[in-house]
Amino acid sequence: MSAPGSHKRRKFAGGLLVLLFALPFIPGVPVYWFTLLDNMGIAALVVIGLVMLTGVGGMTSFGQATFCGFGAFTTAVLTTRYGVSPWLTLFCSIVVTLAAAAVVGLITVRLSGHFLPLGTLCWGLAIYFLFGRLEFLGRHDGVAAIPPLNFLGLALTDSRSIFYVIWSFVVLAALGAANLLDSRIGRAIRALRGASVAAEAFGVDTARIKLVVFLYAAVLAGVSGWLYAHMQRAVNPTPFGVNQSIEYLFMAVVGGAGSVWAGLLGAGLVTLLKETLQRVLPFLAGAQASFEPIVFGVALVLTLQKARGGLWPWFDSLLPAPDAPPRPPDVPAPAARPQPRRGDALLIVDKARKQFQGLVAVNDVSFTVKAGEITALIGPNGAGKSTTFNLITGVLQATSGQITFRGERIEKARTPAIARLGIARTFQHVRIQGDMSVLDNVALGAHSRGSAGVLRAVLRLDRDEERQLMAQAARQIERVGLGNTMRQPAASLSLGQSRILEIARALCLDPVLLLLDEPAAGLRHMEKEKLAQLLSQLRDEGMSVLLVEHDMRFVMGLADQITVLDFGVKIAEGAPMDIQRNPAVIEAYLGGEA
Amino acid sequence: MDTTILLFLLQDGLTNGAIYALLGLALVLVFAVTRVIFVPQGEFVAYGALTLATFDAGRAPGTAWLGLAFGLAATASELSSERRRVGLRRLLQSLASTTAVPLLAAAAAFIVAPMRPPSWISVLLTLAIIVPMGPNLYRIAFRPLADGSVLTLFIASIGVHFAMTGLGLVFFGAEGVRARPLSDLVFSVGPIPVTGQTLFVYAATILAMTALALFFGRALLGKALIATAMNRLGARLVGVRTEMSGRLAFALAALIGALSGVLIAPMTTIYYDTGFLIGLKGFIAAIIGALASYPVTALAALAVGIIESLASFFASNFKEAIVFTLIIPVLLWLSLAHGPADAEEGH
């Protein structure tokens, strides 16, 4: 999505940019154009944030205009009442918006499912009403006589002069957002929609990442509000209400909420539509401009019905096709974890117990995983395998018992912390982000091996680290034999390939222990054979594996040690040969009564 | 503040709360069946109130035309989605289900309105005009999106709200109106005057709640609606016509909305955009009921009404801000109780 595009595309974008910034010098361009472009730019800033938040991060906000309000009112009050210079208030506006967004965001990002958009709708309304009732914000009349921006002693009072300021912000915001998405944090943001459980398992603190996106979007809205205040030179609460928020969302939907450029397209088209309607409709209908919301509403519903992905995909197909990006250059990986010696006890599960009210899902189960071996946890349906797995990975907390990994107690640790210790896992129901490329999905596995944050990503100071992570991801993809699919969207893979992608992602963590949750489930015979080959190859390379499986035949030829569970209790343990002959196991699998 | 004022505020809150409860119930119903978070619910309230007030003024309401337009648009949308060639028979059949009632209602409205009919006839005509808009709206806007996510449907819902508010302004203008009360009865309970209108409100709320409880608890059709909500494909496989379920839910929602409008029209001044805020407060109640529980929703609605009424006395400036802020802790609690949306589906 945010891959660095081709040479031709970059030329095209550059040309467009030069044209845009040369526009004021072209004689005969009507002033009206600049008013239009200014409005587009102000909207585009908000929409870029909204694309990150909604389209990429999956959090729909019906309250973005509220943050414009914080930015606008901050500068309005400070400049008119305290005579602070407008350029100084830019920072004040950002700080106030950030503070407000932090308070609102801490609550909002914890809302799940459709409660989240509903929550944004509610605080959007509450704060809007508050704007209109507060004495020091001038109530419904707002604040007037805001000074214009000044540049080298020149007051930017008309739409042609403030045009540069607005569009400089837009270009910076768009580049910053594109940079952010194409980074370690960006992959975590993109994984929020559809693969957040997987992201957690690789050390991503998803609540924190959600808040980061929320604040990023809010700051862009705050800056937009600040610009708006100095462009209009007066503010009142109306443009910061829920209707305006919905309009921003509309722009994102029309463009196609998936990419920054789609957001720009949406902001441009909708602003153009709106201004055109405002000019044309009164002539057509001969009435007040009340047709605007009707056209808007109908257009929104039609867009959803006819082009749910927005107009960008169509637009995108008109541009020169992007070149296939090359394989990431091979640079050495970040420092590797010290691996244990073959045969050492790696993971010791000691009397682990999990009780769901009356049901004992795992009943004092004990077993040990040794380094450099494949250990299998098997048992029929409902035996407690997946629950045991979830106890080890921190998805569930044990009711009692101890789990020790390389001498460290982990039964109370949370998922990201366990990932950082070097336990990497796969999922029974594949959890990959289908829109992301195979390479990006796998690179998510290396999340905890990098450290670059938002600022470094936005300013592109993370390139050295990024090259290391991508090289690592590419190496692991080649290691598992998916090298020729690297740039495909992950959704295009078969189930067997997706399972192997998950193994590559797990390997990216540079794990000490690989946990596989029913890796063979749903695979065809050939795919199973390939998987078994890969796993024994990994063991030969020194990797330790714990796999939960219910396919007996798959496990028998592969595992060094097997633990058998039935109804939450360990019924057998030992080498495959012994397990095969064990009467208790035969009874559990074939059924005593059968 | 003395007891009289408190009682007065409580009564006021209870009456508004009863209306919010009605709307909350409709929202839960629509969400349960179609997964649509039905923001335009409030527009049906405004349409109902304004249509009734127009009848009171001796004129035929513009919504009669609008109802016809909805019918035609519904047929257009329905037929355009069909792959086979559409013959005359199919066209007439579709028109009969989308446009026949609005046509009759409109004709009746134009004949009867100048005669200044008694209130109950105006009310019936109002319902006949507004209710068919519900299923037609479903056909136009939501059926083509039936396989979309809750979010897609929500955004579409907001689009419909925009359009319907705009249409309200076109057909009713910007002035607020009040309708004649359905009854002139006034009596006192202690120091508090009680009007016949408030009694209507309470009766309608209790009736609607009982009817819904019976419908979903006992009737096969009600169970079919619930089945549709839980699993569209599964419901279809066992023979439930999911489209019919959606239309029915929207018809009920429009009925409840229009009825609420008729009930409050004599008690407060209604503008073309008043419905949104009224609907949102019903919404808050529905959310507290987690968009699932009818009794919780009804109780929450009463609480919202009372809190709002007290807030308007003590901090009238911040009435709305208070009501909408209240919802956020509830949402938080619901999220924690329901767990993350992207939870592990495992064994």
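Reminder, nothing fancy here: chain letters follow the sequence lines and each chain counts from 1.
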* Y272(B) and L167(B): side-chain contact (heavy atoms from CB on, under 4.5 Å), yes or no, with the steps? -> CA-CA 9 Å; Y272(B) 74 97; L167(B) 288 167; over 6 Å; no
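Around atom OH of Y271(B), no more than 12 heavy atoms belonging to other residues, nucleotides or ligands sit under 6.0 Å away. No more than 12 heavy atoms of other residues, nucleotides or ligands sit less than 6.0 Å from atom CZ of F567(A). By the neighbour-count criterion of 12 heavy atoms within 6.0 Å, atom CZ of R133(A) is densely surrounded, having more than that number from other residues, nucleotides or ligands.
Looking only at atom types and distance, the side chain of E200(A) has no donor-acceptor partner in the side chain of T415(A) under 3.5 Å away. No hydrogens or angles considered: nothing links the side chains of T206(A) and S196(A) as a donor-acceptor pair under 3.5 Å.
With a threshold of 4.5 angstrom between heavy atoms, L121(A) approaches chain B through side-chain atoms but not through N, CA, C or O. Neither the backbone nor the side chain of V295(A) comes within contact range of chain B; no heavy atoms are under 4.5 Å apart. Interface residue I140(B): only backbone heavy atoms are found under 4.5 Å from chain A. Both the backbone and the side chain of L111(A) come within contact range of chain B, each with at least one heavy atom under 4.5 Å from a heavy atom of that chain. Contact of F389(A) with chain B is not made at all, since no heavy-atom distance falls under 4.5 Å. Of the atoms belonging to T165(B), not a single heavy atom falls under 4.5 Å from chain A. Contacts of I246(A) with chain B are made by side-chain atoms alone, with heavy-atom separations under 4.5 Å and no backbone atom involved.
Between chain B and the options A299(A), G132(A), P117(A), the largest number of non-hydrogen pairs under 4.5 Å is found for P117(A).
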